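I have placed the structure first, in the form of structure tokens, so that the comments after it can refer back to it.
Numbering of ligands and ligand atoms starts at 1, following listing order. Position 1 is the first residue of the sequence, and the numbers go up from there. Every value quoted in this text rests on a predicted model; they were computed, and no experiment measured them.
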Amino acid sequence: MGDASREIMRQARKQVPEWTPDQTNEALTRQRKEEQDEIVLVDVREKNEWDEGYIPGALHIPRGYLELRVEEAIPDKSKKVVLYCAGGTRSMYAGLTMKQMGYEDVISMSGGFGQWKNNGLPFKKPRTLSPDQLSRYSRHLLVPEVGEQGQLKLLDSRVLLIGAGGLGAPAALYLAAAGVGTLGIIDLDVVEESNLQRQVIHTTARVGEFKAESAKQAIGALNPDVKVITYLERLDESNVGRIIADYDVIVDGTDNFPTRYLLNDAALLANKPVIHGSVFRFEGQLTVFKPYEGPCYRCLYPEPPPPELAPSCAEAGVLGVLPGVIGMLQSVETLKLLLGIGDPLVGRMMTYDALYGEFSELGLYRDPNCPACGEHGHPEDLPIYADVCAMPAARH
Ligand SMILES: [Zn+2]
């Protein structure tokens, strides 16, 4: 340390008092016991130092970002802030800066994290991404709303896709690319040539294979971080509760009414959010059914339409790109829920008119008399509807 640095340190010590690691530990332990939040602990070291271990409960604001980030992280300038670095010098400089920024009660921990560790005090090692993952998800890491912690959250997340068809295909590809760690795919159908106009996760070579298995192959080739669990079954009342129990978010890519009702009622019982999407010709719509926070499917449609009014599953035409648009918006809503960011489309129906080129939004309201989620609703007692599309006689 040169003369000038020594002088700055001397001046800093006059303004920023010091606590030893033991004093700091005592104060933090007391605070935890009394369930207070008087003291904010801030680690001002670099990321690589933090990754080697940190004091539990500390905020991490590297010295170089202090001026930029600290006011957002600690808006109340009367709070007691204890700063630490590796040895006690950088935290002292940081303390001086915070004093200049108007923080009233700033303390620097003498001896830093090195002394803390030497004294045998507790520390944690953060879970971090592997070098491959840092590179794969680098564009996520550059977004503060995602960052490394958000990416780890995505890798720990489990999303169930009902169907690997028009909506499920793009949703599965993008969720896999984004690093959602576990994707469940339930689909009993096999890939047909007529699917390839929109179901981009399948290939010509895989015509005749189960869609769920075909999707698993595509995802495996795209991102080895993702574990795919396939269910070669049709969702029905005997399996729906068991299957959805393991997931955080459900992406509804079904094309038939009975499954939507079945899923709605089971999701309410299990308290799982459903990202709903549907498409027809040039029009698509999506919304998020978050149990008891917004309306459910039965709030909007208490009963399915009579079969003669419902467009037949085999006959309904659609512009191939349209389910891509809606399926991708479903994956956006899924990521928002998993990360806990933004305003999910709860109580809002977004519609897309591809021919006119317009998105619009419709407010949706919970029906207090809803047979499923209303005050006297009983999602477990509601009727199960027959799937006209699944019945061989109704197939075209
Ligand atoms: Zn409802």
Side-chain angles (χ1 to χ4, degrees), residues 158-163 167-168 171 184 186 234-280 283-307 309-311 313 326-327 329-334 336-338 340 342-352 360-389:
R158 304 172 61 92
V159 173
L160 177 66
L161 296 139
I162 312 287
L167 298 168
I186 173 162
R234 223 175 267 290
L235 210 59
D236 62 32
E237 53 179 319
S238 73
N239 62 18
V240 65
R242 163 177 61 84
I243 293 174
I244 69 172
D246 291 337
Y247 295 91
D248 304 311
V249 176
I250 302 160
V251 176
D252 176 10
T254 52
D255 53 2
N256 68 81
F257 293 100
T259 308
R260 289 216 176 110
Y261 286 98
L262 180 78
L263 179 63
N264 180 70
D265 302 343
L268 280 171
L269 279 174
N271 199 14
K272 307 279 181 183
V274 175
I275 317 289
H276 167 89
S278 68
V279 289
F280 183 68
E283 283 169 38
Q285 54 183 40
L286 84 150
T287 185
V288 174
F289 293 123
K290 200 161 182 213
Y292 305 104
E293 282 186 31
C296 77
Y297 190 67
R298 282 191 199 262
C299 288
L300 314 184
Y301 312 103
E303 285 182 1
L309 288 185
C313 358
I326 301 299
L329 289 171
Q330 285 179 291
S331 40
V332 172
E333 291 303 309
T334 303
K336 280 161 63 183
L337 284 189
L338 295 175
D343 296 315
L345 279 171
V346 176
R348 295 186 287 149
M349 175 78 78
M350 182 188 271
T351 61
Y352 174 52
S360 34
E361 194 184 296
L362 198 71
L364 304 176
Y365 301 94
R366 255 185 94 183
D367 176 1
N369 299 314
C370 170
C373 79
E375 209 179 318
H376 305 291
H378 285 286
E380 66 278 18
D381 292 339
L382 292 168
I384 307 288
Y385 303 104
D387 183 355
V388 284
C389 302

Margin query: If we check side-chain contact (heavy atoms from CB on, under 4.5 Å) with I275, which of these qualifies: L337, L345, I250?
Written below: L337

Next item on the list: Classify the ring geometry between Y297 and Y261 as parallel (under 30°), tilted (30 to 60°) or perpendicular (over 60°).
Entry: perpendicular

Item checked: Within 6.0 angstrom of D343 CG, more than 12 heavy atoms from elsewhere ->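 Not more than 12 within 6.0 Å, no.
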
Check: Near the Zn ion (ligand 1), which protein N/O/S atoms are found at less than 2.8 Å?
Finding: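 You should have found C296 SG, C299 SG, C370 SG, C373 SG.
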
Checklist line | Donor-acceptor side-chain pairing of T254 and D252 below 3.5 angstrom | finding: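 On atom types as modelled, these side chains qualify, holding a pair under 3.5 Å.
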
Item checked: Nearest atoms (heavy-atom pairs only) where L268 meets A372 -> CD1-CB, 3.5 Å

Next item on the list: For residues Y365 and C299, report the shortest heavy-atom separation together with the two atoms involved.
Entry: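 That would be O-CB, 4.1 Å.
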
